[in-house]
Amino acid sequence: MTDRDIALLLADAADEVEIGIAPYQAVIRGGRRRRARRWALATAAALVITGASGTLALASLRDGSGAEVTPAVTQKPTVPSTPEERHVYLPQETMLAAGTEKGEQWYVTVDVWGAPRTEAEARAQLNAMSDRGEEPWDKDRASALVGKITYFVRRTYGSGAPTLLMGDSAAPQDTMAGTDLKSGASTLDPKKTDGPQRLVVGQVAKTAETVLCTWKDGTSTLAHKVSAGADVNTDEATIRPAAGSPDNWFVCVAPAGTSYESAEVTTAD
């Protein structure tokens, strides 16, 4: 079987897979099938390059005069080894947005749990998640969490307790790319479950500079990318990194009287 055959088989197999988010409320998905195919093609290309690079590397072990040279050794970065260092039993929490609505403060945060390496670590992680009131969809199968990062988005409104908004588990390499976007829409006040879905939270690629949230009244809100550690300014729509997450996160809130229509990564200034 040729390298081209391998690439085509991998691409066809990936094209049958649709990766989605496990939502606690309504969720919008986009770009996942297209990205899955791109990963398959990239994997096939990597196999081809790796197969060809052996000869090239050996041929480069002599300098211009024909004398043998010793290739430089690249120092590998230190990889956290213990579950505690990898945040398997205690998530990294990041505040994504904050604001004020009718005199009540609201917050949106995300908990990112590190990937367990063994089923024993995964079982212990499930117990730790339960202690925080967080349960993944695969809570009855610890093995399903092995090798996967798990996140939970929480919303706090006024003096009420934090409530889960959305959650998912994914392999660390399952990152967003290009204009890929995953988002969920909900009411700002968790007590008003039948109210307009004004709060939009989602994931985008690290390269995404802006996200346009469009509302049903025809207006829109543009979220801009900010750097790690930037202040969470009241009522400002932003895209920001979250500790432990391979993707960036955005939050938009619709004006009073309207609700969510759509969200997309844009190139607007």
Side-chain angles (χ1 to χ4, degrees), residues 21-29 90-113 128-137 139 150-169 181-204 211-226 228-245 247-264:
I21 192 173
Y24 281 91
Q25 295 195 13
V27 168
I28 311 302
R29 297 189 290 271
L90 185 65
Q92 298 181 77
E93 183 178 7
T94 300
M95 183 175 290
L96 300 176
T100 304
E101 172 78 6
K102 297 180 179 179
E104 298 281 5
Q105 288 191 315
W106 58 266
Y107 308 92
V108 175
T109 61
V110 61
D111 283 352
V112 180
W113 298 77
M129 288 177 175
S130 180
D131 289 342
R132 289 177 65 89
E134 299 176 343
E135 291 185 337
W137 286 101
K139 63 181 181 181
T150 299
Y151 68 81
F152 297 96
V153 177
R154 290 169 170 262
R155 163 194 52 190
T156 303
Y157 186 88
S159 59
T163 57
L164 288 175
L165 188 62
M166 55 196 292
D168 200 5
S169 296
L181 179 149
K182 290 196 298 186
S183 66
S186 175
T187 59
L188 188 59
D189 185 348
K191 295 178 181 178
K192 298 179 179 179
T193 56
D194 58 346
Q197 294 185 329
R198 297 174 53 202
L199 176 63
V200 182
V201 184
Q203 295 167 268
V204 293
V211 170
L212 183 69
C213 296
T214 302
W215 316 118
K216 288 188 176 180
D217 65 355
T219 62
S220 61
T221 299
L222 193 64
H224 289 273
K225 183 179 180 180
V226 298
D231 290 340
V232 180
N233 297 319
T234 300
D235 300 318
E236 181 182 1
T238 59
I239 305 169
R240 65 180 65 239
S245 173
D247 304 313
N248 279 355
W249 294 77
F250 73 92
V251 177
C252 293
V253 177
T258 188
S259 61
Y260 171 80
E261 175 69 26
S262 65
E264 61 178 331

Practice problem: Please round to the nearest 0.5 Å and tell me the distance separating atom OH of Tyr157 and atom CG of Asp189. | Solution: 5.0 Å

Exercise. Can you measure from CG (Leu96) to CH2 (Trp249) and round to the nearest 0.5 angstrom?
Key: 7.0 Å

Exercise. Please tell me if the side chains of Lys182 and Asp168 come closer than 4.5 Å, counting only heavy atoms from C-beta onward.
Key: yes

Exercise. Mind checking side-chain contact (heavy atoms from CB on, under 4.5 Å) for Ala230 and listing every partner two or more places apart, or none if nothing turns up?
Key: Val226, Ser227, Arg240

Exercise. Evaluate side chain to side chain contact (heavy atoms under 4.5 Å, CB included) for Thr109 paired with Phe152, printing each intermediate quantity in order.
Key: CA-CA 8 Å; Thr109 61; Phe152 297 96; over 6 Å; no

Quiz item: For the atom pair OG (Ser259) and CG (Asp217), what is the distance rounded to the nearest 0.5 Å?
Solution: 8.5 Å

Quiz item: Cut-off 3.5 Å, side chains only: do Ser186 and Arg155 have a donor facing an acceptor?
Solution: yes

Quiz prompt | Of all pairs that satisfy salt bridge (charged side-chain N to carboxylate O under 4.0 Å, His left out), the ones with a partner from residues 97-108, not counting sequence neighbours | solution = Glu101-Arg198

Exercise. Over all heavy atoms of both residues, which pair between Met129 and Pro136 is shortest? Give the atoms and the distance, please.
Key: SD-CD, 3.7 Å

Exercise. Using the test side-chain contact (heavy atoms from CB on, under 4.5 Å), find all partners of Asp247 that sit at least two apart in sequence or belong to another chain.
Key: Thr175, Met176, Gln203, Ser245

Practice problem: Identify which one of Leu199, Thr156, Leu188 satisfies the side-chain contact (heavy atoms from CB on, under 4.5 Å) criterion when paired with Val108. | Solution: Leu199

Practice problem: Say whether, by atom type as modelled, one donor and one acceptor occur between the side chain of Ser220 and the main chain of Leu212 under 3.5 angstrom. | Solution: no

Exercise. Give a yes-or-no answer on whether the side chains of Trp113 and Gln92 include a donor-acceptor pair shorter than 3.5 Å.
Key: no

